[in-house]
Enquirer: 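Pasting a structure here, questions to come.
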Amino acid sequence: MLANLSAVPSTESAGLESAAQELYYVRVALDVPLPGLFDYSCKAAVAIGQRVIVPFGRRNLVGMVVALPDTPAVEPEQLREAIAVLDDLPPMPPAWLALMEFASRYYQRPLGEVMMPALPPPLRKVSAYTGKLAAGGPVKRLERRLAKRRAEPESPKISGAIEAPALNAEQREAVERIAAVQGHGVVLVRGVTGSGKTEVYLHAAQQVLERGQQVLFLVPEINLTPQLEQALRRRFPRGDNEHDTLAVLHSGLSDGERLQAWLAAFNGQASMLLGTRLAITTPLPRLGLIIVDEEHDTSYKQQDGLRYSARDLAVWRGYNQGVPVVLGSATPSLESWNHAQQGRYACVTLAHRARDVALPTMRMVDTRRLRLEQGFSPHLLDAMQERLAAGEQVLVFINRRGYAPVLNCSSCGWVSQCSRCTAYTVLHRRVRGAYLQCHHCGGQAPVPRACPTCGDQDLKPMGRGTQRIEEFLSERFPEARIARIDADSTRLKGSAEKLFSQVHQGEVDILVGTQMVAKGHDFANLGLVGVLNADSMLFAQDFRAPERLFAQLMQVAGRAGRHRAGGEVILQTDYPEQPVYRALQRHDYEGFARYALEERESLGLPPFAYQALLVAESRELAQALEFLDTARKLPEGAPQSYPRQDQIMLYDPVPLRVVRVANVERAQLLVESHSRPALQHFLAQWSHDLFQAGREARVRYSLEVDPFEI
Ligand code: ADP
Ligand code: ZN
Ligand code: ZN
């Protein structure tokens, strides 16, 4: 099989050519769940940053050469030989290797587990280089395919570049501040919703592109905001040379598409890379600017494997490569805001909407003494009626999908529960019949005909989700065209784009949606936003819950009245006096941030402390807790290895709020310190010791640095 190894002369044939065989040693990072690096011998000369195929156990793997030791770290008889050196690409650049090493160190994961998944899948699969179909490896294959496509008649180009609108004074100031950054510096652009942040990014990008440099533009979600991609394509159309100016990277691409975009960035053809969090690790040889739009968005945090924050890596990457980083948001994360307050980040404010319309009026409707109709107050229903009559669109925001959050028996109190999780199952409707679904494990069950406990046939849905709201509104406003946008209605590829484009084209009167509708859309004709059930997010245990709620509500409120004056937001609540709502009512981000930061400081929470979270999983909670207890005591057993232990706080292990998911029980242990270096120092030793302890306890665990949710 390996005789077909394609990309390069294999080491064997290289061996045949030269009589005086030299032997090299290579230190290789591999994507295997083992700490450390792996040494091999190699008959061909290799450079750091090149990929090699090496035997590992009984398999072959693609790995990355990260060092060329003079002598290997293993006994000569244990030293195995690399099978091939892949030279279909130049070696990975030092800046990329440095970013990977930083991420590995900071997030406490083996280098190979960080590095290899950062490459497009075809570049790290042995199967892409071996066998009959490999034909020169994935890069050659792609090049041949592109050459063939180029020979075909050109597809029509998007016609002509679009002139940028003249910036207003606030926008100009922001662009100037970004342009003034010499080398590295972070500029936080806080701009109210509709203030024209996109124009600021585009102008800043334009200057960098004119210097012949590349721009990395990160967004939380691409499929939900196709408007931005279109705007970029129109503004930076494909040039007359065959170089694609814009490359787009996100997780919805096929392996081939991903490789193509990645290569365009890597070899410098693409001057602008637009991408979601995974794009942060793309090598860009002429990087001149990094933009992180909606920097507060939780989508920047990877939730499994390497749990990195793309925003934080962007800041480090800018620092390391000496380029400016722009963080933009209407509601910056308290971490970034705090940096700006302390003077570590420059900060510019766009306080006004770009189109010369006021921010929407915020109305709190106190629902405590009101009779609600399917969750709607008379105030909201009347306002909707008026807007619809005036030909405007209305958005109803409720962060809960499905028909009803639970099914309930009114005789005995039975509620629908998942058999595999400690969670209720959600009632969903579809064209034919209904079903119960668990939103934690995804498991589905039929709706029982009668109560499983008492046999009563009168089972009732309790509460409301998007489907039920949609159903109610179609009865209440029979003339209105209603669209629902949530994870269920957008499951099929392209369906979200289609629904959003219907809204933009004015084919929808009422839009019902979850947080998916809050992101970035510039709706031209949307006059009213109604917010249902925000209170359910008010008393979550996580200390970041109010911050997230505030950001989310500001963002969804910001969809109202963007192109025309008179926009309004109606928020229904039982707790109008809550600080989050009061600040919201005044569009007062700064007031909210001040209040929230004071609270965090007095409680010693981030950004005034640094955290890591160890989560253990087992069939039985007791085992998970026991492992965490062992983990907690590791430093006591070896005090000399933990010299800064006095600066580390280890909390008691506790079960997760949803303890069991898919029959696995979970518990967590929080680690905290007032010093980031002390925490990093501790984690380096601890993660090493945990690996051993985890093996012995046969418990799965994950360690998360800077956890989002606790
Ligand atoms: P944000 O991302 O800050 O919420 P957008 O970038 O979506 O705001 O801009 C809001 C609206 O203002 C868009 O319709 C945009 O075309 C428009 N806009 C931006 N800058 C200007 C400007 N200088 N003059 C006129 N309209 C502008
Ligand atoms: Zn019952
Ligand atoms: Zn479940």
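Along the sequence shown, the residues carry numbers beginning at 1. Below, each value reflects all heavy atoms present in this structure, side chains not excepted, and no hydrogens, waters or symmetry copies. Atoms within each ligand, like the ligands themselves, are counted from 1 in listed order.
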Enquirer: So if I count the atoms of ligand 1 from 1 in the order they appear, which ones are less than 4.0 Å from some heavy atom of His563?
Expert: 14 (O)
Enquirer: Can you name the atoms of ligand 1, numbered from 1 with element, that are less than 4.0 Å from a heavy atom of Thr198?
Expert: 2 (O), 5 (P), 6 (O)
Enquirer: At under 4.0 Å between heavy atoms, is it the side chain or the backbone of Ala524 that contacts ligand 1, or both, or neither?
Expert: neither
Enquirer: So, Lys519 and Glu221, do they make that salt bridge, N to O below 4.0 Å?
Expert: no
Enquirer: Under 3.5 Å, which donor-acceptor pairs link side chains of residues 504-511 to any protein atom two or more places apart or in another chain?
Expert:
{"residue": "His504", "atom": "NE2", "partner": "His521", "partner atom": "ND1", "Å": "3.0"}
{"residue": "Asp509", "atom": "OD1", "partner": "Arg481", "partner atom": "NH2", "Å": "3.0"}
{"residue": "Asp509", "atom": "OD2", "partner": "Arg481", "partner atom": "N", "Å": "2.7"}
{"residue": "Asp509", "atom": "OD2", "partner": "Arg481", "partner atom": "NE", "Å": "3.1"}

Enquirer: With a cut-off of 4.0 Å, which atoms of ligand 1 are near a heavy atom of Asn168?
Expert: 23 (N)
Enquirer: What residue and heavy atom of the protein are closest to atom 4 (O) of ligand 1, and at what distance?
Expert: Gly194 N, 2.6 Å
Enquirer: Is it true that Arg353 lies under 4.0 Å from ligand 1, counting heavy atoms only?
Expert: no
Enquirer: Against Arg317, only a single residue in Asp312, Val323, Leu216 fulfils side chain to side chain contact (heavy atoms under 4.5 Å, CB included); can you say which?
Expert: Leu216
Enquirer: Which of the numbered atoms in ligand 1 are under 4.0 angstrom from any heavy atom belonging to Arg562?
Expert: 1 (P), 4 (O), 5 (P), 7 (O), 8 (O), 10 (C)
Enquirer: Applying a 4.0 Å heavy-atom criterion (strictly less than), which segment of Gln171 is in contact with ligand 1: side chain, backbone, both, or neither?
Expert: side chain
Enquirer: Have a look at ligand 1 and work out which part of Val192, if any, has a heavy atom under 4.0 Å from it: side chain, backbone, both or neither.
Expert: backbone
Enquirer: What residue and heavy atom of the protein are closest to atom 16 (O) of ligand 1, and at what distance?
Expert: Arg355 NH2, 3.6 Å
Enquirer: His428 vs Tyr435 aromatic rings, parallel, tilted or perpendicular, using cut-offs 30° and 60°?
Expert: parallel
Enquirer: Which ligand 1 atoms, with their elements, are less than 4.0 angstrom from a heavy-atom of Thr193?
Expert: 4 (O)
Enquirer: Name the residue from Arg311, Lys301, Arg544, Arg344 that meets the salt bridge (Lys or Arg N to Asp or Glu O under 4.0 Å) definition with Glu335.
Expert: Arg544
Enquirer: Of all the atoms in Cys441, is at least one N, O or S atom closer to the Zn ion (ligand 3) than 2.8 Å?
Expert: yes
